Amino acid sequence: MRDTRSRLLILITPPALLLIMFFVLPMLNMATFSFRQGAFGEERHMWTLAHYREFLRNTAFQRLLGRSIAMAFETSLYCIILAYPLAYFLIFRAGERRVALLTLVLVPAWTSFLLRILAWKLILSSEGLLSGLLQAVGLLAEPKPVLLYSRAAVVVALTYSWLPFVALPIFAALERIDPHLLEAAADLGCPPWRAFLRVTLPLSLPGVVAGFFFVFIPTLGEWVTPALVGGVDGIMYGNIIQDQFVRGLNWPMGALMSLVMLLAMLVLLGLLVWLLKALHVELGDLIG
Amino acid sequence: MQPHRIVRWLCRVLALAMALALAACAGQKASGPLIVLDWSGYEQEVFWQEFKQAHPNVQVQHTFFAEDAEAFAKLQSGFVADLVHPNSSWLQLYVDNDLLQPIDTSKLKNWPQIMEPLAKMGQVNGKQYMAPWEWGYDSILVRTDKVPEMPDSWADLWDPRYQGHVSIFDSAESSIVVGALALGYDPYNMTDQQLEEVKQKLIALKPNLLGYWTDYTEINQQVASGEVWVAANTWPDAYVALKAEGIAVDYITPKEGRIGWVYGYCIPKSSKNPGLAHAYIDAVISKAAMVEMARQYGYGAANLAANQEIVKTLDPDVVRVMQLDNPDLVKTTVFMKPLTEEQRTKWTKVWDDVKAAP
């Protein structure tokens with residue numbers, strides 16, 4: 001007994017150490033920073049709530065956070081809509097080739113994130129693929145950027161980038177489903193669509209939720225993609241946070257904005273989990 | 001495990017973590033090579049050949065920054081460097097925060113060749129803190145074949161005929177000056193009310209904008225592809241690069257004046273080799289080094305002899321665009337002035353509000 005416990009401690013200590021050093025301590029540091037007057041010199045040792053007041057006053061920041069949440073939500077949703085049929089096909093239709101095909105889906109994710117965003121820029125720009133195509137069909141009179149430098153471009157580029165990360169957990173969840181369950185459903189006279197709704201979908205939901213989180217969390221703080229393809233109205237909350245640190249030298253405000261984002265994220269995710277639980281029950285009852 | 005055991009264990013882990021962090025901090029120390037905190041591109045040996053010849057055994061190590069704020073923040077948080085290359089508008093802030101040591105110009109044999117008005121811009125409280133190196137403009141680059149009519153004022157950026165084809169530099173320091181000049185205010189002497197007007201004016205520019213450009217290559221590419229017709233706050237090298245590609249561009253002088261900037265080398269207080277740092281400065285401000293810089297980038301040289309050489313040998317078109325032939329250049333250009341920390345914070349806030357506005 002004693003022995004297992006010490007072994008457990010030995011096993012837990014390194015990851016706990018890493019987590020504390022590189023997650024908990026930096027978080028605490030950031031939280032303290034939000035109360036400092038400034039990042040440097042004497043101001044570093046002066047404490048104030050001024051940044052909190054400024055954030056509450058600044059409706060532009062709040063609106064931007066709201067817009068970024070909406071964009072992250074959209075991106076996650078599109079990712080799931082596209083990834084689910086993909087994973088479904090791989091598991092139930094692709095047969096032996098499923099691993100090979102899954103690898104193909106994942107290959108783009110091995111290249112640099114930046115490279116993939118820049119590739120989208122090439123597709124959407126005025127001399128790009130899409131503009132050329134539309135001109136050839138006669139839908140576009142002159143070379144013009146299509147979608148580029150807009151909110152939509154950010155969502156498109158992000159959806160593309162994160163798709164494999166949603167396909168993977170859904171794939172794993174579908175793979176775990178015991179085919180006997182579906183056979184049993186068919187034997188008992190359940191039509192395929194109903195078997196999907198009552199067996200496959202509920203059992204794969206954990207994968208969908210995991211995929212959603214994989215996309216939503218990093219997307220909300222995103223700033224590289226909006227900076228590259230976003231134009232004027234594609235700017236996200238993350239861009240303004242970056243500005244506070246890199247250009248404005250207003251580290252306390254940047255820290256505060258990051259904390260607010262973290263808080264918003266936790267609240268939203270909690271709400272979502274709660275909603276899914278409620279929905280799950282109702283779905284069962286409805287079809288019952 | 002019982003609760004108090006967990007707490008005790010957590011405390012131990014925490015203590016270990018702190019000890020490791022402390023050890024990591026204590027581990028860093030600097031000595032040996034000459035460390036130059038510079039913009040990428042200026043590390044080329046042609047710019048400091050003289051130093052290399054005089055001190056062949058000194059190892060020179062370049063570290064890069066991409067924003068003035070980044071260099072400042074780095075030095076503020078304890079980075080040890082022997083040289084740094086800021087904008088003169090940041091000097092006041094560096095000196096206020098006690099980050100620089102004065103330069104002893106008597107140690108620089110090339111110093112007498114430095115143009116006096118530029119040397120003055122490197123002074124704070126009567127002391128020389130910066131050896132000016134390159135100078136240039138933020139002005140408007142125009143695709144002459146795309147615009148229905150050439151702009152001749154900063155206020156023309158708001159012209160609805162350019163809708164969707166204007167891009168402006170994503171920088172508080174230069175965009176707010178544009179807003180102020182368009183409204184006819186003195187950018188460096190504005191009331192809060194006027195600053196608010198500038199903010200509204202810049203928000204009103206949004207429908208005309210394709211984007212806020214951040215990256216030099218990006219804006220060049222957008223002008224080349226014709227997506228951007230009017231590129232505001234671009235530098236003369238954008239003109240040089242695009243002209244070389246055969247693209248129909250011009251670099252104009254708005255009637256309110258171009259915005260001007262001066263960059264140069266300073267010696268941080270943390271420098272352990274101020275003697276070598278002086279020698280490095282002397283090398284980069286030499287005529288040969290500055291002619292090379294002007295040739296490569298199309299910026300102005302702070303070295304008078306270099307400038308005279310450039311005017312003689314450089315493409316006359318570049319001389320025209322740089323206004324090197326204009327003796328009144330310092331008077332007709334709105335040179336960036338040093339901003340205090342308070343002003344800088346205020347301006348950044350305004351610019352963030354503009355960008356975050358719907």
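Just so it is clear, the model here is predicted, and its values are computed rather than measured. Letters A, B, ... are given to chains in the order of the sequence lines, protein chains preceding strands, and every chain is numbered from 1.
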Residue selection (most heavy-atom pairs with chain A, distance under 4.5 Å) from [options]:
| options | answer |
| --- | --- |
| B:Glu67, B:Lys206, B:Glu173, B:Glu70 | B:Glu67 |
| B:Leu209, B:Asp353, B:Asp352 | B:Asp352 |
| B:Ala73, B:Gly211, B:Ala357, B:Ala356 | B:Ala356 |
| B:Leu210, B:Asn97, B:Thr345 | B:Leu210 |
| B:Thr214, B:Asp170, B:Asp68 | B:Asp170 |

From [X] [atom1] over to [Y] [atom2], what is the distance, rounded to the nearest 0.5 angstrom?
| X | Y | atom1 | atom2 | result |
| --- | --- | --- | --- | --- |
| B:Glu341 | A:Asn250 | CD | CG | 9.5 Å |
| A:Trp251 | B:Gln76 | CH2 | CD | 8.5 Å |
| A:Glu54 | B:Lys349 | CD | NZ | 4.0 Å |
| B:Leu75 | A:Phe40 | CG | CZ | 10.0 Å |
| B:Tyr212 | A:Asn239 | OH | CG | 11.5 Å |

Within a reach of under 6.0 Å around CD of B:Gln221, are more than 12 heavy atoms found that belong to other residues, nucleotides or ligands? no

Where do A:Asp243 and B:Lys355 land on the side chain to side chain contact (heavy atoms under 4.5 Å, CB included) test, with the steps shown first? CA-CA 11 Å; A:Asp243 268 8; B:Lys355 283 196 291 179; 2.3 Å; yes

For the interface with chain B, which of A:Arg67, A:Met236, A:Gln244 has the highest count of heavy-atom pairs at distances below 4.5 Å? A:Gln244

Given the options A:Arg63, A:Arg44, A:Met253, which has more heavy-atom pairs under 4.5 Å with chain B than any of the others? A:Arg63

What part of [X] is in contact with chain B, defined as an atom under 4.5 angstrom from a non-hydrogen atom: side chain, backbone, both or neither?
| X | answer |
| --- | --- |
| A:Asn58 | side chain |
| A:Glu42 | neither |
| A:Arg247 | both |
| A:Ala227 | backbone |

If every non-hydrogen atom of A:Val246 is compared with every non-hydrogen atom of B:Ala69, which pair is closest and at what distance? O-CB, 2.7 Å

On a heavy-atom basis, the closest approach of B:Glu218 and A:Leu228 is OE2-O, 4.3 Å

Counting only N and O atoms by type, is there a donor-acceptor contact under 3.5 Å from the side chain of B:Glu227 to the main-chain atoms of A:Ser125? no

